[in-house]
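Worksheet for the structure shown next.
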Amino acid sequence: VPFFRRSAVTLMKRLPMSRIKNLREEALALHKDNVGKIDIRIKVPARDNDDLTLAYSPGVAEPCKEINKDPAMLDVYTNHSNFVCVVSNGTAVLGLGDIGAGAAMPVMEGKSLLFKRFGDVDAFPLCVDTKDTAKIVELVELVAPTFGGVNLEDIKAPECFYIEEVLKKEMNIPVFHDDQHGTAIISGAGLINALEITGKKAEDFIVVVSGAGAAAIACAKFYTELGIDPANIRMFDSKGILHKGRTDLNKYKAQFALSEDMTMTEALKGADLFLGLSKKDLLTPDMIKSMA
């Protein structure tokens, strides 16, 4: 909490100046010059016949037999427990939308980079060229013996909810959806901090959410667990506020439908928090001034 209370001036003084001069050109050059951002490195010697005899044939048969006798040995003799698959079909990539599985690969490589750099977890991108949720579920289930965890990434709503729900129910390894859980966790931390600084009670906080996709719904659900009254969450999708008079809401959006219809300008009057999880340029200075 004290970190968030430091002045903006102090923070700016401590932040290093960016070395980037041309974002597009430098980003393209980095990816092109390195042919992507990740690769595979071996952890054991492979210098001579003895090394290969132990790491591969015939020595590799020994851990295979141990795992066959006791599946729990998979995490003892292999990298399974520290290996994560980053799964995406490219239907909701960053702010780019549905750009396809191949075009999503740089993002999934980037996520693998973050896993390794900040958690020393070995992650591997699995970009799947299908919008069939059943096929995605089947694929992840089939590769489960390889991975100790699953990171779902940039799959559009509501399909992402279904995929996550089924995998959590049917698999015995962790399933994490970054767009949902990651966004909810970090924004929830900001909410807790805001409540402490303002001295307001969570149940009195009014929240306006722009967007009703995976991140928005997950954040709203988490906020209710932190004490926000669901009746005080005003969520908007591309067609307006989610309200009970609408007949086009899926079950995930419907749980945040209010009885009253209103514009975003009206919703922001007296609101305590605006959560932007959609397109840009929706707020005006006057709308911000109208908030509590």
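All figures in this text were calculated on a predicted structure; none of them were measured in a lab. Quick note: residue numbers are just sequence positions, from 1.
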- [ ] Check the surroundings of atom CD in Glu203: do more than 12 heavy atoms from other residues, nucleotides or ligands lie under 6.0 Å from it?
- [x] yes
Task: Heavy-atom pair with the smallest gap, counting every atom of Ala216 and Gly211 - done: CB-O, 3.1 Å
TODO: Look at the side-chain heavy atoms of Ile, Leu, Val, Met, Phe, Trp and Tyr, link any pair under 4.5 Å apart, and say whether Val84 and Leu114 land in one connected group.
DONE: no
Open item on the list: Hydrophobic cluster membership, with links at side-chain heavy-atom distances under 4.5 Å among I/L/V/M/F/W/Y: are Met291 and Leu191 in one?
Closed with: no
Open item on the list: Would you say NZ of Lys269 has more than 12 non-hydrogen atoms from neighbouring residues, nucleotides or ligands within 6.0 angstrom?
Closed with: no
TODO: Check whether the side chains of Asn79 and Asp122 place a donor and an acceptor atom closer than 3.5 Å, and report yes or no.
DONE: yes
Open item on the list: Tell me whether Lys156 is salt-bridged to Glu159, with the criterion being a basic N under 4.0 Å from an acidic carboxylate O.
Closed with: yes
Open item on the list: Side chains of His181 and Glu164 only: does a donor on one sit below 3.5 Å from an acceptor on the other?
Closed with: yes
Task: Residues Asp51, Arg47: salt bridge by 4.0 Å N-O rule - done: yes
Open item on the list: Within this structure, what is the CD1-CE distance for the pair Ile217 and Met235, rounded to the nearest 0.5 Å?
Closed with: 6.0 Å
Open item on the list: If only side-chain N and O atoms count, and only distance matters, is there a donor-acceptor pair under 3.5 Å linking Asp286 with Thr284?
Closed with: no
- [ ] Give a yes or no on whether a salt bridge exists between Asp154 and Lys111, defined as a side-chain N under 4.0 angstrom from a carboxylate O.
- [x] no
Open item on the list: With a 4.0 Å cut-off on N to O distance, would you call Lys239 and Asp237 a salt bridge?
Closed with: no
Open item on the list: Before you tell me yes or no, could you show the steps for Lys65 and Glu62 under salt bridge (charged side-chain N to carboxylate O under 4.0 Å, His left out), namely the whole-Å CA-CA distance, both residues' side-chain angles and the distance that decides it to 0.1 Å?
Closed with: CA-CA 5 Å; Lys65 290 186 286 187; Glu62 300 308 320; 3.3 Å; yes
Task: Atom CZ of Phe124 with >12 non-hydrogen neighbours under 6.0 angstrom - done: no
TODO: Identify whether the distance between the nearest side-chain nitrogen and carboxylate oxygen of Arg41 and Asp39 falls below 4.0 Å.
DONE: yes
